[in-house]
Amino acid sequence: MLIIKTTKELIKWRNQCQHFVDLVPTMGALHAGHLSLCEAIKSKTQPDEKRYLVLSIYINPKQFDNLNDLNNYPSTIDEDLRLCRESNVDVLFIPESSDMYAADTSVSVNENCLSLSLCGATRPGHFDGVCLVVSKLFNLVRPSRVAFGKKDFQQIAIIKRLIRDLSYPIELIAVATKREADGLAMSSRNLRLSKEQRAKSALIYAALQSAKNTNTSSSQELCIDEIGRKLEQELSALEFKIDYLTVVNVDTLKSCSSLDSKALLVIACFIGQIRLIDSIMLHD
Ligand code: PAF
């Protein structure tokens, strides 16, 4: 595995690379969810096809609206290196911030529709930071395929829009949320949960599943407000602070008024200082 630490070196490598390149962008603290992105992208490659897999690790300061969250973002670089080697990553790109951003960076990339609601409403500027860094990674790596996890459903919808609206010739592969044995969606932030918080966090997915089952076992038009109210009561009683809990269309992120095949039940909640998100399609 080649380890590239500067944008200059990456550009040089890319200019010499004769093959198609796949990209898995991450902020490190790698877990099985990230590895499933590598597997998903590799599974699309024909046995006789030569492609390179680039995985980037960069904790992008521009997407953090909260300095405390940035400073506490987990970093497990030795373990990350081991996991990348195990996953047959060809190139690991780990840039420094001083290299990624000029001190007087003044160009931004904004998505002005899908990023305004849900996580975007509580984390102002977050998706601008994501769009900027992802565009830079696309320009540096010039991948033909990129993989993102469905846990970050809003990020996926926005990156699809970025790819379409800026005409990046890139296929986005959306990979199913990887879960712990008790159902908790894998996230690097889970490392920050105390033992007690970790145990409780499994109840988020259990609650989403129970809402889904209520819906499918009763009438098709079970009131969405009713699902929300019941779930909110259940989770608030367990001392989760709900940020949002709603049903949206998975592509447009607009509120769903009927439970159709695109209906996605989404939640963001705080347990202590840690914000967790999860979602479930209400129809398989
Ligand atoms: O999903 C993430 O880990 C980040 O938002 C990403 C896509 C790596 C951009 O920093």
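As the structure lists them, so they are numbered: ligands from 1, and atoms in each ligand from 1. If you read the sequence from its start, that first residue is 1, and numbering goes on from there.
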(message) Holding to side-chain hydrogen bond (donor to acceptor under 3.5 Å, both in side chains), I want the full list of residues that pass it with Glu232, two or more places apart in sequence or in another chain.
(response)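 Scan of Glu232 (side-chain hydrogen bond (donor to acceptor under 3.5 Å, both in side chains), adjacent residues dropped) gives none.
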(request) Kindly write out the residues that satisfy side-chain hydrogen bond (donor to acceptor under 3.5 Å, both in side chains) with Glu239, not counting sequence neighbours, or none if the list is empty. (result)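 Once residues adjacent in sequence are excluded, Glu239 has no partner under the side-chain hydrogen bond (donor to acceptor under 3.5 Å, both in side chains) criterion.
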(message) For Tyr101 and Tyr58, take the angle between the two ring planes, folded into 0 to 90°, and tell me which bin it lands in: parallel under 30, tilted 30 to 60, perpendicular over 60.
(response)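 Judged by the thresholds at 30° and 60°, the geometry between Tyr101 and Tyr58 is tilted.
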(message) Asp152: which residues meet the salt bridge (Lys or Arg N to Asp or Glu O under 4.0 Å) condition with it, sequence neighbours left out?
(response)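 None.
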Give every pair formed by an N or O atom of ligand 1 and a protein N or O atom closer than 3.5 Å, one pair per line with both atom names and the distance to 0.1 Å, or write none.
from     : atom 1 : to     : atom 2 : distance (Å)
ligand 1 : 1 (O)  : Gln155 : OE1    : 3.4
ligand 1 : 1 (O)  : Gln155 : NE2    : 2.8
ligand 1 : 5 (O)  : Gln63  : NE2    : 2.9
ligand 1 : 5 (O)  : Gln155 : OE1    : 2.7
ligand 1 : 10 (O) : Gln63  : OE1    : 2.6

(message) Under a 4.0 Å threshold between the charged nitrogen and the carboxylate oxygen, would Asp99 count as salt-bridged to Lys8?
(response)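 Judged by the 4.0 Å cut-off on N to carboxylate O distance, Lys8 and Asp99 do not form a salt bridge.
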(request) Output yes when Asp243 and Arg123 qualify as a salt bridge under the 4.0 Å nitrogen-oxygen rule, no when they do not. (result)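 Between Arg123 and Asp243 there is no salt bridge, as every charged N stays at least 4.0 Å from the carboxylate O atoms.
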